[in-house]
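Structure first, then comments.
Heavy atoms only: backbone and side chains are in, while hydrogens, waters and symmetry mates are out. Residue numbers begin at 1 in each chain, while the letters A, B, ... track the order of the sequences. Just so it is clear, the structure is predicted and the values come from calculations on it, not from any experiment.
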Amino acid sequence: MAPTRTVKSKLSSKDKRNPKGSGKPGAALGANTKSKVSKKPKAPPPKQQKTKSAAPAKKKKRVYTEKELGIPKLNMITPVGVESPKGKKKGKVFVDDQESMMTILAIVTADKEGQIESKMMKSRQMEDIREARRKEAEARQEQRKSKLEETKNSMRKKRKSKSNIDVDKDYLESSSKYMKDAKANRKRVSFA
Amino acid sequence: MRPLTETETQTLFSKLANYMGPSIKNLIAPPDANPSTDQTRMSFRLGNQNRVYYCSEYLANLSTCVARENLLSVGTCLGKFTKTGKFRLHVTSLNVIAPHARYKLWVKQNGVMPFLYGGNIVKAHVGRWSEDCPEHQGVVVLGMDDMPLGFGVTAKSTAQARRVEPTGIVCFRQADVGEYLREEDTLFTTT
């Protein structure tokens with residue numbers, strides 16, 4: 001009883017779907033298989049073709065980020081010291097072994113020696129210049145002194161040569177005149 | 001505590017070279033040192049407040065056992081890095097510098113107290129000085145009994161200083177042992 005029922009029900013449902021189909025169960029089944037066969041080859045191929053043809057055309061272009069390209073950001077100012085160079089290790093590099101300390105020391109001492117040497121050279125040159133100037137000034141002073149002495153001597157000689165005879169005569173005359181004048185100008189007092 | 005970086009080492013050495021010249025190598029590798037042992041291999045360490053300490057590697061390694069805030073000092077404090085990256089020598093470095101000093105200046109008895117009170121050295125107080133010392137060169141100041149008293153920078157070269165009047169300054173003070181009393185509060189503090 002139960003299987004016949006089920007068949008009936010199946011048919012009835014198929015009949016509803018297919019209004020043109022006959023009421024016989026065999027015919028109905030045959031029609032169904034035909035339609036399935038005919039539909040199958042028609043529907044899938046276009047789909048497959050579409051997918052095959054679309055795949056190479058729609059290939060996604062790779063989008064690069066700014067970081068990957070390494071392009072500097074626009075309108076951004078990054079100070080030179082702030083941005084660390086690419087591919088460099090982060091953090092401090094410590095100097096703890098003697099060899100590297102010695103190399104740094106060699107650089108520093110060479111630098112300092114150069115500085116001291118240049119300072120010494122400069123001071124020596126300055127000293128030489130000062131010495132030369134001092135000598136020049138002394139020589140000039142000596143010259144000036146000798147010139148003064150010469151003029152003094154010449155003046156003295158001139159005076160002596162003029163004076164010897166003339167000065168004596170003048171002196172006598174002037175003294176006699178003075179004596180006469182003194183006698184004439186003397187005031188007298190008389191008592192009556 | 002950490003070792004110094006390259007730039008820090010360079011600034012430290014250039015400062016020390018002012019006073020010691022090329023004999024800094026005696027600090028890095030002491031002549032009596034045995035390189036195979038830690039105890040004689042010396043190193044420079046940067047501690048709290050940017051202070052630089054000079055100590056044996058053995059001691060530096062031991063110091064890692066002490067918490068940073070509990071560690072006051074390791075070895076000899078040489079000085080500190082300023083905020084601008086320069087290095088300033090402290091008077092505590094005198095013990096390290098004095099034995100290897102390149103230029104020296106001996107102060108007469110009457111000039112010792114003025115120097116220890118923080119004054120510059122005038123020509124009248126100078127007993128002796130190293131020959132051929134250029135201007136603005138680091139010198140170690142000693143008493144006439146060869147006791148190191150501090151260090152300073154020459155104001156004039158030795159040739160020029162000869163012609164200076166007795167009251168003229170020949171050396172500017174940088175540090176003196178009087179600081180142990182004057183700077184007692186700040187010399188070893190960590191905060």
Side-chain angles (χ1 to χ4, degrees), chain A residues 76-145, chain B residues 1-30 33 35-36 38 40-46 52 54 57 60-61 85 87 100 102-103 130-139 154 156-163:
Chain A
M76 292 272 279
I77 300 162
T78 46
V80 180
V82 170
E83 207 169 303
S84 56
K86 265 186 172 181
K88 208 181 172 187
K89 209 180 173 188
K90 266 186 186 177
K92 289 163 183 153
V93 181
F94 297 123
V95 181
D96 210 15
D97 54 330
Q98 273 191 8
E99 285 74 39
S100 50
M101 268 204 232
M102 280 294 185
T103 50
I104 292 171
L105 175 65
I107 296 164
V108 168
T109 45
D111 194 28
K112 281 280 163 191
E113 285 297 309
Q115 277 179 13
I116 289 173
E117 202 59 34
S118 70
K119 259 188 204 174
M120 295 298 291
M121 285 283 283
K122 210 176 174 185
S123 68
R124 256 175 231 152
Q125 277 177 355
M126 293 297 284
E127 201 64 27
D128 286 349
I129 291 166
R130 269 187 215 125
E131 192 69 18
R133 268 189 196 160
R134 198 175 54 82
K135 272 183 184 170
E136 209 174 284
E138 268 178 16
R140 223 179 283 151
Q141 201 79 8
E142 280 291 311
Q143 243 181 349
R144 219 178 278 165
K145 258 187 185 177
Chain B
M1 291 258 173
R2 64 165 175 84
L4 302 180
T5 61
E6 240 172 80
T7 46
E8 284 165 348
T9 314
Q10 203 158 352
T11 35
L12 170 70
F13 283 178
S14 59
K15 187 58 121 180
L16 286 175
N18 257 344
Y19 295 90
M20 298 170 65
S23 42
I24 304 177
K25 65 170 179 284
N26 292 328
L27 292 189
I28 300 165
S36 58
D38 274 4
T40 49
R41 214 186 305 144
M42 304 305 279
S43 68
F44 299 93
R45 297 281 148 150
L46 192 82
V52 174
Y54 175 64
E57 210 139 284
N61 290 339
F87 187 75
H100 308 291
R102 184 174 190 179
Y103 297 107
S130 303
E131 286 301 312
D132 273 347
C133 180
E135 202 176 10
H136 305 138
Q137 176 69 37
V139 284
T154 53
K156 289 183 169 62
S157 64
T158 21
Q160 276 180 312
R162 278 201 195 98
R163 267 179 270 115

What heavy-atom pair brings [X] and [Y] nearest, and what distance separates the two atoms?
X	Y	result
A/Gln98	B/Ile28	NE2-O, 3.5 Å
A/Lys112	B/Ser14	CE-O, 3.2 Å
B/Asp132	A/Met120	O-CE, 3.3 Å

Non-hydrogen side-chain atoms of [X] and [Y] separated by less than 4.5 Å:
X	Y	result
A/Ser123	B/Gln160	no
B/Thr9	A/Phe94	no
A/Lys92	B/Arg2	yes
A/Leu105	B/Gln10	no

Please identify, among A/Met126, A/Gln115, A/Arg130, the residue contributing the most non-hydrogen atom pairs under 4.5 Å to chain B. A/Arg130
So what's closer than 4.5 Å to chain A heavy atoms on B/Glu135: side chain, backbone, both or neither?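 Only the backbone of B/Glu135 comes within 4.5 Å of chain A.
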Can you tell which part of B/Leu4 gets under 4.5 Å to a heavy atom of chain A, answering side chain, backbone, both or neither? backbone
Counting only heavy atoms closer than 4.5 Å, note whether A/Val108 contacts chain B via side chain, backbone, both or neither. side chain
Check whether A/Glu113 gets within reach of chain B through its side chain, its backbone, both or neither, counting any heavy atom under 4.5 Å.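 Contact with chain B is through the side chain of A/Glu113 alone.
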Which value, rounded to the nearest 0.5 Å, describes the distance between [X] atom [atom1] and [Y] atom [atom2]?
X	Y	atom1	atom2	result
A/Met102	B/Phe13	CE	CZ	8.5 Å
A/Met101	B/Leu12	CE	CG	9.5 Å
B/Arg41	A/Asp97	CZ	CG	10.0 Å

Sequence neighbours left out, what passes salt bridge (Lys or Arg N to Asp or Glu O under 4.0 Å) with B/Arg163? Give chain and number order. A/Glu127
Does a sphere of radius 6.0 Å around CD in A/Glu142 hold more than 12 heavy atoms from other residues, nucleotides or ligands, not counting ones at 6.0 Å or beyond?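 Open.
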Go through the steps to decide whether A/Asp96 and B/Arg45 satisfy the test salt bridge (Lys or Arg N to Asp or Glu O under 4.0 Å), and finish with yes or no. CA-CA 9 Å; A/Asp96 210 15; B/Arg45 297 281 148 150; 3.1 Å; yes
